[in-house]
Amino acid sequence: MKKLINDPNQVVTEMLEGIVSAYPESMKRVEGTTCIVRKDAPVKDKVALVSGGGSGHEPAHAGFVGQGMLDAAVAGEVFTSPTPDQVLEGIKAVDGGEGVLLVIKNYTGDVMNFEMAAELAEAEGINVEKVVVNDDVAVEDSSFTTGRRGVAGTVFVHKLAGAKAEAGGSLLEVKEVAEKVIANVRSMGVALSPCIMPTSGEPGFELAEDEVEMGVGIHGEPGIEKKKLVTANEIAKELTEKVLPELELDRSVEVAVMVNGMGATPEMELYVVNRKIQAILSEKGVQVHETFIGEYMTSLEMAGCSLTVLKLDDELKELLDSRSKAPAFRK
Amino acid sequence: MKKLINDPNQVVTEMLEGIVSAYPESMKRVEGTTCIVRKDAPVKDKVALVSGGGSGHEPAHAGFVGQGMLDAAVAGEVFTSPTPDQVLEGIKAVDGGEGVLLVIKNYTGDVMNFEMAAELAEAEGINVEKVVVNDDVAVEDSSFTTGRRGVAGTVFVHKLAGAKAEAGGSLLEVKEVAEKVIANVRSMGVALSPCIMPTSGEPGFELAEDEVEMGVGIHGEPGIEKKKLVTANEIAKELTEKVLPELELDRSVEVAVMVNGMGATPEMELYVVNRKIQAILSEKGVQVHETFIGEYMTSLEMAGCSLTVLKLDDELKELLDSRSKAPAFRK
Amino acid sequence: MELDVRQTVDWMVKANEKVQEQKDYLSQLDRAIGDGDHGINMARGFQEIANTLPNEEFEEVSDVLKKTATIVMSKVGGASGPLYGTAFLKMSMESKGSNVDGETFEKMVGAAVEGLKQRGKAKEGEKTMIDVWSPVLDVLKEVSEINGEKIREAAHTAMEATKDMVATKGRAAYLKERSKDHLDPGSVSSYYLFEALAETLEKG
Amino acid sequence: MELDVRQTVDWMVKANEKVQEQKDYLSQLDRAIGDGDHGINMARGFQEIANTLPNEEFEEVSDVLKKTATIVMSKVGGASGPLYGTAFLKMSMESKGSNVDGETFEKMVGAAVEGLKQRGKAKEGEKTMIDVWSPVLDVLKEVSEINGEKIREAAHTAMEATKDMVATKGRAAYLKERSKDHLDPGSVSSYYLFEALAETLEKG
Ligand SMILES: Nc1ncnc2c1ncn2[C@@H]1O[C@H](COP(=O)(O)OP(=O)(O)O)[C@@H](O)[C@H]1O
Ligand SMILES: Nc1ncnc2c1ncn2[C@@H]1O[C@H](COP(=O)(O)OP(=O)(O)O)[C@@H](O)[C@H]1O
Ligand SMILES: [Mg+2]
Ligand SMILES: [Mg+2]
Ligand SMILES: [Mg+2]
Ligand SMILES: [Mg+2]
C-alpha cells in the first residue's frame with residue numbers, strides 16, 4: 001500500500017482538517033465531531049441540507065458544503081456510514097428553524113444510522129425529513145432486496161435541492177425537489193482497478209490485468225459482471241445503454257450528464273469516454289443541457305468511471321444553473 | 001496497460017473531441033487542428049492568450065479555455081510539444097487585433113516550437129509576445145542548463161494574465177502580469193507511482209514499492225532523488241521547505257496555494273497533505289488568500305502531488321479573484 | 001445460574017479479544033460480499049468497549065449493556081453499528097431491574113431479535129446476523145438455564161448455515177446469487193459474541 | 001560521386017526503416033534521461049516521410065529535403081521536431097539549385113549544424129544530437145567525396161561518446177550528473193540517419 005497519509009487510523013480526522021483549512025471562507029468543523037458545516041451555519045430561516053456517509057469518496061461530501069448546496073456533511077470512517085450521534089451533531093449545527101432535509105445514499109448502514117439520527121433530532125424538536133438516493137442501475141430493484149445503491153447522482157440531489165433551499169423553499173418543497181431529482185437520475189460505473197482501504201492495506205476486490213468490473217459500486221462492491229477490458233467506446237456504449245432506458249428520454253427532453261472519475265482515472269480517459277457518450281446521446285436526439293467531467297464521487301484510488309444522466313425540466317434546469325459556492329461544484 | 005481508450009494513436013484527437021463535446025458553450029475546435037479556442041474567438045479588441053503543450057496533463061490545457069482565462073490551447077501528442085504549424089493555427093484563430101501572448105512552459109521542445117510559431121505569426125503580421133514559465137524548484141537554475149521546468153504554476157499564469165486580458169489590458173500589460181506571476185510562483189512535485197504512455201504502454205520510470213521520486217517532473221522525469229516513502233507530513237514539509245524560501249515571504253504577505261493531484265492520487269490524500277502545508281504556513285505567519293485542491297496539471301495516471309505557492313500583491317489578488325468561465329477553473 | 005455484572009463485563013472483554021484476533025478474517029469475509037470493513041468496524045467499537053467497561057462501576061447487568069450499546073452506536077458505524085447497538089440496547093431495557101437468570105436472558109435475546117428485525121427491516125433467511133441471533137433464541141427457549149455449550153453450538157451451526165443462503169438484505173444483497181458460498185460477516189462476528197459468552201460462563 | 005533525387009528519397013525511406021526498427025529502443029533511451037517519447041516522435045514523423053516522398057515528383061535534392069523538413073516540423077513535435085526540421089531546411093536551402101557533390105554536401109551539413117546550434121541554443125559537448133552532426137561535419141571537411149563509410153564511422157564514434165557526457169541542454173539537463181552513462185537519444189537517431197545515408201550510397 002502506497003499512500004500519502006500519516007496514520008491509517010487518523011486519516012479521516014486529518015482529511016477533515018485538511019479540507020477545512022483549504023476552504024476556511026466556505027466551511028468550518030463542528031468541534032469534536034466529524035461534521036463539516038457552512039461557515040455561516042446555522043442559516044436563519046433557511047431549510048438546511050445534511051448529507052454524508054463513509055469517507056473515501058472525496059470531494060463527496062464535504063466538498064459540496066457551501067452556499068447553494070449542503071449545509072452539513074457528516075463523515076464516517078472510510079467506506080463506513082457515520083454514527084447517529086455524529087449525524088445528530090450535524091443536524092443540530094445547521095438547523096435554522098425551518099427544518100432539515102437528510103440526503104441519504106441507499107446503503108443499509110447509511111439508512112439506519114441517518115434514520116436513528118432523525119429520530120433523535122425529532123426528539124429534540126427539530127423538524128427532519130429524509131430522502132434516499134438510489135440512482136445506480138447496475139443493481140436491479142426488486143421487492144426482495146434493499147433496492148438500488150446511491151452513487152454519483154447524489155451530487156445532483158445536493159445541488160438542486162440545495163438551490164431550492166437557498167431560494168427559500170420550504171422543507172417540503174426542498175424535499176420534493178430532491179425526490180424529483182431522485183426519480184429522474186440514473187447512474188452506472190465501471191472499474192479498471194480496485195481501491196485499497198487505508199486500514200487494511202488490502203485491495204477491495206481483484207481484477208485480472210485484462211478485466212473490468214461492470215456496474216461496480218462506489219465501495220468497490222462487485223457489480224454486474226467481470227468482463228474483458230474492451231475499448232472506451234464499447235464501455236461508453238454499455239453504460240449509456242444501461243442508464244438511459246428508464247429515463248424514457250425523447251427528442252424534446254434535456255439532460256445533464258456527469259462523467260465521474262473514480263479516483264485514479266486520468267482525465268484524458270474521461271474525455272475519451274465522454275466523446276462516445278455525447279455521440280450516442282446526439283444520435284438519439286437527446287439535448288444535453290450541461291456536462292460535468294471530473295471527480296465528484298470517488299472510491300479512493302479505484303480506476304474507472306461512472307456515467308450519470310439527469311433528466312431535466314424547466315424547474316430542475318433553473319436549479320442546476322443557479323450559483324453554488326461549494327468548492328467542488330462551483331457555479 | 002489498462003486504459004479507457006480506443007486506439008493509442010487516436011487518443012489525443014478523441015480526447016479533444018471529448019472535451020469540446022463536453023463544453024460546447026465555452027469552446028470550439030479549430031477544424032483540422034489540435035487547437036481548442038474560446039467559443040467566441042477571436043474576441044475583437046482583446047489581447048488573446050495562447051498556451052498548450054503535450055497532452056496527458058488534463059485538464060491542462062484545454063480545460064482552461066474560456067472567458068477570463070485562455071483563448072486557445074494547442075495540444076501536442078502525449079508529452080510532446082505541439083508543432084509550430086498547429087500553434088500558428090491557434091494564434092490565427094484567436095487574434096482579435098490586440099496581439100497574442102504565448103504562455104510557454106520551459107521545456108526545450110515547447111520553447112522551440114512556440115518560438116517558431118511566433119516567428120511565423122509575426123511574418124503574417126500578428127503581434128506576438130511570449131513568456132516562459134519556470135516554476136519548478138526541484139531542478140535548480142544554472143547558467144549552464146536550460147533552466148527550471150514549467151509545471152502547475154502555469155495555471156496561475158493562465159488565470160491572472162487571462163483576467164488582465166479580459167479586463168482590457170494591452171499586450172504589454174498582460175505580458176507584465178504574466179511575468180510578475182512567473183517571478184512569484186514556485187512549485188515542486190512528488191511521485192508515488194509512474195505514468196504510462198498510451199503509445200508505448202511502458203511506465204515512464206520505475207519506483208520500488210516503498211519509494212517515491214522527490215521533485216518529479218510532469219512527464220515523469222526524474223527529480224531530485226528517489227527516497228523511501230515517508231509520511232504525508234514529512235512530504236508536505238519537504239515540499240514546503242523547498243518551495244517557500246525563494247519567495248521571501250514575511251508575515252505581511254499573502255499567498256495562493258495549489259495542491260495539485262498528479263492523476264491517480266485519491267483526493268483524500270491531497271487533503272491530508274494540505275493539512276500539514278497549511279499548518280506550516282500558519283506557523284510561519286504566512287496569510288493564505290485562497291487554496292486550490294484538485295487536479296490542474298496532471299501526468300496521466302501518475303500518483304503523487306505537487307505544491308505551488310504564488311506570492312500575491314493587491315493587483316494579483318484582484319486578478320485571481322475575478323471571474324473565470326474556464327471549465328477547469330471556475331471562479 | 002445467573003449472569004452477573006462482572007461476568008457481563010468479562011463477556012464483552014472476551015468478545016473484544018476474539019474480534020481483535022479475527023479482525024482481518026472478518027474484513028476478508030466482508031470483502032467477498034460487502035465492502036471489506038466489518039472487521040475494522042467491529043474492532044474499533046469493541047476495543048473501546050474493552051477499554052471502558054472494566055474501569056467503570058455498574059449497578060446491574062442492564063447498565064453494562066446500556067453502556068455497551070452506546071459505545072457500539074457511536075463507534076462502529078456502517079450497518080453493524082446500529083444493529084448491534086439496537087440488540088444491546090434492547091437487552092439492556094429488557095433486563096432493567098432484574099437479575100439475569102435463564103428466563104430473563106431468553107427474554108433479553110428475544111427483545112434483541114425483535115429489535116434487529118425492526119432496525120434492519122429483515123427476517124430470518126436473508127443472510128444477516130439475524131440468522132445467528134434467532135437460532136440462539138430458539139435454543140434458549142428449549143432450556144431453562146443459560147447454557148453456554150448449547151448457545152455456542154447453535155450459534156456455530158447457524159453461522160455455518162449462512163454460507164448456503166442468498167443475501168436479500170444489506171450490502172451483500174446487491175450480489176444476489178453471487179453472495180452464495182460465502183459466510184455472512186455479521187453472522188460470524190455474532191458467533192464470536194456468543195462463543196465469548198459461553199467461555200465466560202464456563203469460567204464462571 | 002553525387003547524391004541525386006532518387007538516392008535522397010531512398011535515404012529517407014531507409015532512415016525510416018531504421019527508426020521504425022529501433023523505435024522502442026529510442027524511447028527506452030529517452031525514458032532513462034528524458035520523457036520516453038523520442039522513438040514515438042521520430043517514428044511518427046519518418047513514417048509520414050516514407051509514405052509521402054516516393055509518391056511525389058521532385059526537381060532536385062533541395063526539394064526532397066524541403067518536403068522532409070516540412071513533414072518533420074509538423075509531425076515530430078517535441079524538441080527533436082524543430083531541430084531535425086531546421087537541419088533539413090538548412091540543408092535544403094544550402095543545396096538549392098546545385099547538384100549535391102562532396103563540396104555542396106559539406107556546406108549543407110555545415111548549415112545544418114549552424115541551424116541546430118541556433119535553434120537549440122546549444123553547442124558541442126552538451127550531450128545533444130549536435131554531438132553527432134558536428135563530428136560528421138568534421139569528417140566531411142577532411143574528404144572531398146561524400147564518403148559513406150567515413151560518415152558512418154564518425155557518427156558511430158560520436159554517438160557512443162555521448163555516453164560520457166553530462167547533459168546541459170534539453171530535458172536530460174535536469175538530471176545533471178545523473179544523465180551520465182546513458183546515450184543521448186537524439187544522437188542515436190542522428191546516427192541512424194547517417195547510417196542510412198551510408199547504406200544508400202553503398203547501394204548506389
Ligand atoms: N438489513 C439488515 N438486517 C440485519 N443485519 C444486517 C442488515 N444489513 C447488514 N446486516 C449485517 O451487517 C453485516 C455487515 O456489517 P458491516 O460490514 O459492519 O457494515 P456495512 O455493510 O455497512 O459495511 C452483514 O454481514 C450482516 O450480518
Ligand atoms: N537544446 C537542444 N539542442 C540540440 N539538441 C537538443 C536540444 N534539446 C534536446 N535536443 C535533442 O533532442 C533529443 C530529444 O528529443 P525528443 O525526445 O523527441 O524531444 P523531447 O525532449 O521534447 O521529448 C535529445 O536526445 C537531444 O539529442
Ligand atoms: Mg461499510
Ligand atoms: Mg517529449
Ligand atoms: Mg462492510
Ligand atoms: Mg523525449
Side-chain angles (χ1 to χ4, degrees), chain A residues 2-7 11 14-19 21-23 25 55-56 58-59 63 78 190 192-193 195 209-210 212 229 231-233 235 257 259 263-276 278-279 282 290-295 298 300-301 303-305 327-328 330-331, chain B residues 2-7 11 14-19 21-23 25 55-56 58-59 63 78 190 192-193 195 209-210 212 229 231-233 235 257 259 263-276 278-279 282 290-295 298 300-301 303-305 327-328 330-331:
Chain A
K2 221 170 185 181
K3 286 184 189 281
L4 272 176
I5 59 175
N6 295 302
D7 173 354
V11 75
E14 295 192 352
M15 171 192 77
L16 294 174
E17 289 171 14
I19 298 180
S21 65
Y23 311 120
E25 308 294 309
S55 294
E58 293 67 33
V78 176
V190 59
L192 272 70
S193 73
C195 44
E209 190 39 53
D210 62 345
V212 301
L229 174 64
T231 62
N233 282 351
I235 285 183
V257 172
V259 182
T265 322
E267 210 157 306
M268 168 183 268
E269 299 178 20
L270 298 181
Y271 290 123
V272 172
V273 171
N274 177 60
R275 170 181 169 273
K276 183 66 180 180
Q278 301 285 342
S282 130
E290 188 166 0
T291 302
F292 299 85
I293 304 208
E295 298 189 339
T298 62
L300 296 169
E301 66 276 83
C305 68
R330 285 191 212 274
K331 292 260 340 175
Chain B
K2 221 171 182 179
K3 286 184 188 283
L4 271 175
I5 59 174
N6 295 302
D7 173 354
V11 75
E14 295 192 352
M15 173 192 76
L16 294 174
E17 289 171 13
I19 298 180
S21 66
Y23 311 120
E25 309 294 309
S55 295
E58 293 66 32
V78 176
V190 59
L192 273 70
S193 74
C195 44
E209 189 39 54
D210 61 345
V212 301
L229 174 63
T231 62
N233 282 352
I235 285 183
V257 172
V259 183
T265 322
E267 213 158 305
M268 167 184 269
E269 299 179 20
L270 298 181
Y271 290 124
V272 172
V273 171
N274 177 60
R275 171 181 168 274
K276 182 67 178 178
Q278 300 286 341
S282 133
E290 189 167 358
T291 302
F292 300 85
I293 304 207
E295 299 189 337
T298 62
L300 296 171
E301 67 275 84
C305 68
R330 285 190 211 276
K331 292 263 335 176

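Everything numeric in this text was worked out from a predicted model, so none of it was measured.
Within the 4.5 angstrom heavy-atom criterion, no atom of A:Glu25 approaches chain B. Proximity to chain B (any heavy atom under 4.5 Å) is restricted, for A:Ile235, to the side chain, taken from C-beta onward. For A:Val11, the parts lying near chain B are the backbone and the side chain together; criterion is any non-hydrogen pair under 4.5 Å. With a 4.5 angstrom heavy-atom cutoff, A:Leu192 touches chain B via backbone and side-chain atoms both. In this structure, chain B has a heavy atom under 4.5 Å from the side chain of A:Gln278, while its backbone stays farther away. For chain A, the nearby parts of B:Ser21 are the backbone and the side chain; heavy atoms of each come within less than 4.5 Å. Of the atoms belonging to B:Leu300, heavy atoms from both backbone and side chain fall under 4.5 Å from chain A.
Rounding to the nearest 0.5 Å gives a distance of 9.5 Å between CG of B:Asn274 and CD1 of A:Ile19.
Between chain A and the options B:Ala22, B:Ser282, B:Ser193, B:Gly63, the largest number of non-hydrogen pairs under 4.5 Å is found for B:Ala22. Between chain B and the options A:Val273, A:Val257, A:Thr298, A:Thr231, the largest number of non-hydrogen pairs under 4.5 Å is found for A:Thr231.
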From CA spacing to verdict: side chain to side chain contact (heavy atoms under 4.5 Å, CB included), A:Glu269, A:Cys305: CA-CA 9 Å; A:Glu269 299 178 20; A:Cys305 68; over 6 Å; no

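With hydrogens and angles ignored, the 3.5 Å screen pairs no side-chain donor or acceptor of B:Asn233 with any backbone N or O of B:Lys276.
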